[in-house]
Each structure stands twice: as structure tokens, then as C-alpha cells.
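Keep in mind that this is a model prediction, so the values were computed, not measured. The figures here come from the full heavy-atom set of this structure, side chains too, leaving out hydrogens, waters and symmetry mates. Numbered from 1 within each chain, the chains take letters A, B, ... in sequence-line order.
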Protein chains: 2
Amino acid sequence: MKSVSVEPVGIKDVAQAAGVSPATVSRAFGRGPISPELRAKVEAAARAIGYRPNLSARRLRSQDTRTIGLMVADIRNPFFTAVSRAVEDIAYAQGMRVILCNTDEDPDREAFYMQAMQEERVTGLIFAPTRITLEAMEQGFALDLPTVLVDRASPRCGHDAVMIDNRRAAALLVDHLASQGFTRIAGLFGAASTTGVERQAGYAAALKARGLPDLSRLVSPSAAAAEAALPELWREARPDAVITSNSLLALGLLKALRVQALRVPDDIALATFDDEPWTSLVDPGLTALAQPVDQIGQEAMRLLADRIRNPRAETRIVLLPGRLVERASSRRTSN
Amino acid sequence: MKSVSVEPVGIKDVAQAAGVSPATVSRAFGRGPISPELRAKVEAAARAIGYRPNLSARRLRSQDTRTIGLMVADIRNPFFTAVSRAVEDIAYAQGMRVILCNTDEDPDREAFYMQAMQEERVTGLIFAPTRITLEAMEQGFALDLPTVLVDRASPRCGHDAVMIDNRRAAALLVDHLASQGFTRIAGLFGAASTTGVERQAGYAAALKARGLPDLSRLVSPSAAAAEAALPELWREARPDAVITSNSLLALGLLKALRVQALRVPDDIALATFDDEPWTSLVDPGLTALAQPVDQIGQEAMRLLADRIRNPRAETRIVLLPGRLVERASSRRTSN
DNA sequence: AAGCGATGTGAAAACGATTTCACATGCCGT
DNA sequence: ACGGCATGTGAAATCGTTTTCACATCGCTT
């Protein structure tokens, strides 16, 4: 049904078949001044002999890889999954390729992948750095390629960034819970990223403004860590509500609550960052702070394009709003 | 903190700095016969002037991209997310890069990406094709690069493949439900992939063996489709149990059940393919057929490596076992 | 002591495209 | 009718490596 051309067919073969020079073939495919007739002839010849441009060669010569690196903690985290998908859609639509890296919140792996991205000569990088690496950036460590940070950043890190306003979002959750009448609002925040720390800060500030106690813990950002942290939290802090800084922590927390036979929201109310499909399906539905994941990916690509176009423009940090989705897990019950 | 070398430093610069020939530098980095002393000298020089190999050049010359293409329907489907992660882990461990493509179950996009993968000259391809494309493969359409199919395949498609034994797995779910006493077991299967069709076939066979009616529907593989399909299914078929062929369908179905105020498992029992973190958190817990996602990714990489090593070996299809995770959603209640 | 294979090295070709440069052509205004 | 300018084309250089090839050196065997 389809004959396979084993011998490599290059631009020269097309040139010969079309009766033009290799340069003309190149121009027919790329952007070069070329007459419509020749372009048609070249395209016909290329189709006839089954020519496919060799991207390695193109990239080497043009010094433009049209590839962007995407470094996230773990693609299995639904937040990053969604952002990645948005980024890829735009990238492919622009004829760009995406190389995905999972850092597992490990600075060593980050360093390794940053190296790899340099060797790839990626056109740009979209990166969700760990706290460690972000701090290094604040100290002056700069990536020498167009970079946009997502989900995590700080004003003096020297790079563009997109994320939600974490402090505000955390305050939103606290205010919501407080307005429901909860007074002992605990928090489980991820320790590996500034995101967790920022959210904790926003949480703390909002509590303080209301004269409520800070009952937060920084934990490793995994379901297992949240699950393990609950018993101690419950015993020591006796919260009537808990905020988790991402959906993995919410997952672990729910499991632990089940084990302890604590009822939501009667014994303990819940609210979490990240709205996943399943948050509306658990009983009670989970109150969540939804992040505009698609928009984050899109905005990151836009910032990156700007940065590539103008490498020495002033850096920008785009703060997108989170949206509070109220569900039963944070509803005050009469008791 | 870190000085940025703007001028490109190449192998020649290293050669000069180390007092050797470019060829020697190349050998020091790649695998070539080289004396330990020179290698050390080269490495020192490279580090000193901050040399980073240019992968485009390397790939062009060596005709080996050390890159594999990964084409799946949608990375946001947790099954593919998990498989992708497993694939990438192995790939990077072997010094390979992965290019990810989302086909959205669209044959046109598949064709487009296959083109792109050819232009990348990928070393190999891991691919979850739509039913349409798989049928084309059965008709003789063959990819002329080492390819391993995942999740979807057929014996005569001409490629290696890894997946669970879908017929057996479906039968497992049916048998489980039947043994609980359910007799009107409906099914919602994805229409875009052979996986859905295969599972439907296994389901139908298992039902037939027990003399039970086939109450299945093929639907578009999305939560929305499942949600939309339920009312008609309930009205027409009056099932006492439903099987869904993936977690997205389960999600949609659960939502629809909630809307209709149907109780699980009292009014209708549930069992689904794919075990996600949240399946144990909904109430009642969802009985699921867990796929060995990590193992699937690993096995795919192994098959691919073999295929690359030996392009004309006989094709193999690896069937991995699924594991039934029983939870309350399929428990027979007294009524 | 001559011959031989194994080993390490450098010079130069090659990978497949893009880009520079030179040049031919046609069109315009004067 | 001529100079100038825009436009389209081809020859050749180039991108940064790896790989071939030739060759020098060394240690062995005979």
C-alpha cells in the first residue's frame, strides 16, 4: 500500500528532479524569494520522490531549533499535565516542538536537564523550578536562554513568569472558611516549591488579620506525606478545617481522614488548591481553588515568544486570578 | 554568580585549548579509542571554557537522533500520563530524548505527527493509534521506522505492541459483577480505539457464556459522552450494573448518576477500567481493573530497543495482565 | 631483527540543509 | 537609451560534529 524509500532522499535529489539548484529547493520550503512556478515545480518533485526535510540539518545550519524545553516537577501532577497540554498545543500550532522533562522536585535533576536543554540549543524554556533553584536565581544565577517560569517565581529571579496570585488565593480560601465560622484552620503546604511557601504566607497573613491561629505544616508534596502528617496535625492542633496546597495533598489527606474515621465537614472541613474532575465526585464535594491551567500555559507561551523576540526587555510577572469553587466540604454544619 | 558565554564554543575551541585535534575531542566525549591522559586533558579544557556539545550537529553527522516519538491520544488521560512518565524515565536514563504528541484520537493529526516524526528522524516510535489508523496498518500501511504500539494493536498490523489482555480483563469485570448476582450488566466503551471495541467484545463474550444480555454502547471516549449516554441507557436497558472502559467514562457516568439520583451500588453497580487515585475516595469506592501502567511503559521501551537492534525480527505482542481491585461500587446489596 | 596486529592520533571528508554572495534579468524613471 | 533598483537564481561556503582514512608508535611473535 505504501512503498518505503529506504535510501535517504535529500534536497539535492529534489533539485535534480526539479531541474533547479539545491538553494532553490531550500527556498521553496523555507522562506526565500522564489517564483511561484519554480515553487510549484519543486513541490511536485519533492512529493514525487518522497522528500522529507531533515530537521537536524536544518537546525544545525539555521541555528534555530524551533524547540522549547518544558521542565516540570512531575507530569503526573494534574496541574502540570494540563499546563503541558496547553503549551504543546500552542507550540505545535506554531511549528515548534516541545521537549518534556520531569524534575521530581530534585535540584540535581534540574541541573542535569538544564544542561541537556543547552545541548539541545532549545529556542526557549518553560520551567517550574524548585525552591532551591529559584533561590539560586535570586542570588544571580541566570539561565542564558529565553526562559519563562511557571507556577513558581519571585520578583528578583530575573525571569518572566506566569502563575496565580498565590497569597491572594490562599487568603481567599482562608476567608471562605472563616466566613463559614471555622476558627481553627490548619494548612498542609508543599515544601519543595515556593508555591507552597507563598500559599502558606498568604494563609498566615489572612489568619493573622482575623486573629486566628496559624496551624500550618510544610510537608513533602505527595499524597503519602499528607496522609502521614494528618494524625499528628489532628492530635496537636485540633483543627476544624484544613487547607491543602495541591490536589495530591488533598488526596492523601482524604485517605487519612477516612482511616481516622473523621467526617467531612462535620469533624473537619476541607478546601484545597487545584480543582480536578474528581473533586466534585467525592462525598462531600471538595471546595477547591481552581487554577486557570490552560490560560497559564497559553500566557507562558506568549511571554516566551516575546522574550525570544526581545531578549533584553524588562522581565514581567503575570499573575492570573484563581477561582474559588465552593462545595460541601467547607460547609458549616450545625454543631 | 555564573558568567554567561555568549560566543558559541565548539569542539575546535576545546581542541585548541587542550592542544589536541578536534577528532580527539570528539572521541573523548563519544566512544572512541582514546588514552586516559588525553581524555582527562580534554575534559578539563572543556570544563574550563564551558563547552556544550551541539546535539543538532551530532545528530546530523551520526545519523542517530537518540530521540523517540511518543504519540498518544491525550496526555491528560491518566493512563497515558502514567505510561508517558514511565517511558520518559527509561528514555532519559538511556540518554534518549522523548518527543510527545497528542493526537486527540484524530487520524489527520496522527498523519501530521507521523510526518513530523519522520522529519525528526526519530530513532523509534511509541504509538497508541486510533482504530482508523490501526485498520490502515492491517491493510498493509506500515511505518518505516521502528515502532511499538501501546494500548491498541492487532495481530496483523505489522508492529510490536504492549497492552493488557483486554478481552480477558473485560471478562474479569463481567464475571466479578455476575458473581455478585448482577444480571443486567451494561457497558460503556470508547469508540475511537480498538481498545474500547476489544473490551466490548470480551464483555459480550463473557455475558453470552452466562446467557446474560448484551447491554453495551459505544460512545466517544470522554466524560461528557458518558454523562450524556446514561439517561438513554438507564431508560432503555434498565441495567443493574455498568462497566466503563476507562476512567474518563467512569467520571462522566458518576456525574450522570448523581444527577439522576441513582444510588451506587443499590440502584446500579459500577466497575471500570483504570484505577486512579480518586477511585478509592469516592463513595462508594469504585471497583476497577488496574492496568500495570509503569510496566507497560517499560515493556514498550524494551520492545522498541529490541526492534531498533533488529529491525527484521518477528513482531511480538506482549499482553500484560490487568488486576481487579474490588471495592464497594460492585458489592451486591440485599434488595 | 624484521614483521605484524593493536592502539591512539590527526587531517580531511561528510552529514543535509541554509545562507551568503555574485550575477543575470526585467522594469522603472529620466 | 542608460543607470539604478528590485527580484530570482545558482555556486559555494558554512553550521559543529562524527567518521573515515592514513599513519605513527608500541609490544609481540617468529
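Checking A/S21 against A/T24 by side-chain atom types alone, a donor-acceptor pair falls below 3.5 Å.
Side-chain contact between B/V150 and B/E299: absent, with no pair of heavy atoms (C-beta onward) separated by less than 4.5 Å.
Under 4.0 angstrom from either OP1 or OP2 of C/dG16 there lies no side-chain N or O belonging to A/Y51. In terms of phosphate contacts, B/S62 brings no side-chain nitrogen or oxygen within less than 4.0 Å of OP1 or OP2 of D/dT18. Under 4.0 angstrom from either OP1 or OP2 of D/dC15 there lies no side-chain N or O belonging to B/S56. Regarding contacts with the backbone of D/dG16, a side-chain N or O of A/Q63 is found under 4.0 angstrom from either OP1 or OP2. Note on B/S21: a side-chain N or O is less than 4.0 Å away from OP1 or OP2 of C/dG10.
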- request: Please report the C-alpha distance between B/Y51 and B/F29 in whole Å, then the side-chain angles of each, then the deciding distance to 0.1 Å, and finally whether the ring pair (Phe, Tyr, Trp, His ring centres under 6.0 Å) criterion is met.
  value: CA-CA 11 Å; B/Y51 166 72; B/F29 279 86; 5.3 Å; yes

- request: Applying side-chain contact (heavy atoms from CB on, under 4.5 Å), run through A/I68 and A/M301 and close with a yes or a no.
  value: CA-CA 10 Å; A/I68 75 157; A/M301 281 301 283; 3.5 Å; yes

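Taken to the nearest 0.5 Å, the CE atom of A/M163 stands 11.0 Å off from the CD atom of A/Q291. Taken to the nearest 0.5 Å, the CD atom of A/E120 stands 8.0 Å off from the OG1 atom of A/T65.
Within 4.0 Å of B/V25, counting heavy atoms only, lies no atom of the nucleic acid at all. Residue contacts shown for B/F29 are absent, as no nucleic acid heavy atom lies under 4.0 Å away. Among the protein residues, A/R52 comes within range of the sugar-phosphate backbone only, with heavy atoms under 4.0 Å from sugar or phosphate atoms but none that close to a base. Residue-level contact check: A/R39 touches neither bases nor backbone, having no heavy atom under 4.0 Å from any strand. Nucleic acid contact class of A/L38 (heavy atoms, under 4.0 Å, all strands): sugar-phosphate only.
Between the base of C/dG10 and the side chain of B/R27 there is a donor-acceptor pair shorter than 3.5 Å. A donor and an acceptor atom sit less than 3.5 Å apart, one in the side chain of A/R61 and one in the base of D/dT14.
B/K12 has its NZ atom 13 Å from the P atom of D/dT18, to the nearest Å. In this entry the distance linking CG of B/L60 with C1' of C/dT18 reads 12 Å, nearest Å. Separating the CZ atom of B/R66 from the C1' atom of D/dT18 is a distance of 14 Å, rounded to the nearest angstrom. Atom CG of A/L55 is separated from atom C1' of D/dG16 by 17 Å (rounded to the nearest Å). One interatomic measurement links the two molecules: CD1 of B/I49 to C1' of D/dG16, which rounds to 13 Å at whole-angstrom precision. For the pair A/D64 CG and C/dG16 P, the computed distance is 21 Å after rounding to whole Å. Atom pair A/K41:NZ and D/dT9:P shows a separation of 9 Å (rounding to whole Å applied). Rounded to whole angstrom, the span from the CZ atom of A/R59 across to the P atom of D/dT17 amounts to 16 Å.
Each of A/N54 and B/P22 lies near DNA chain C, and the nucleotide nearest B/P22 is the one positioned closer to the 5' end.
The B/R58 side chain lies nearest to D/dT17 when the options are D/dT17, C/dT9, C/dT18. Checking C/dT9, D/dT19, D/dG8 against every side-chain atom of B/S35, the shortest atom distance belongs to C/dT9. Of the listed nucleotides (C/dA17, D/dT17, D/dT9), D/dT9 has the atom at the smallest distance from the side chain of A/T24.
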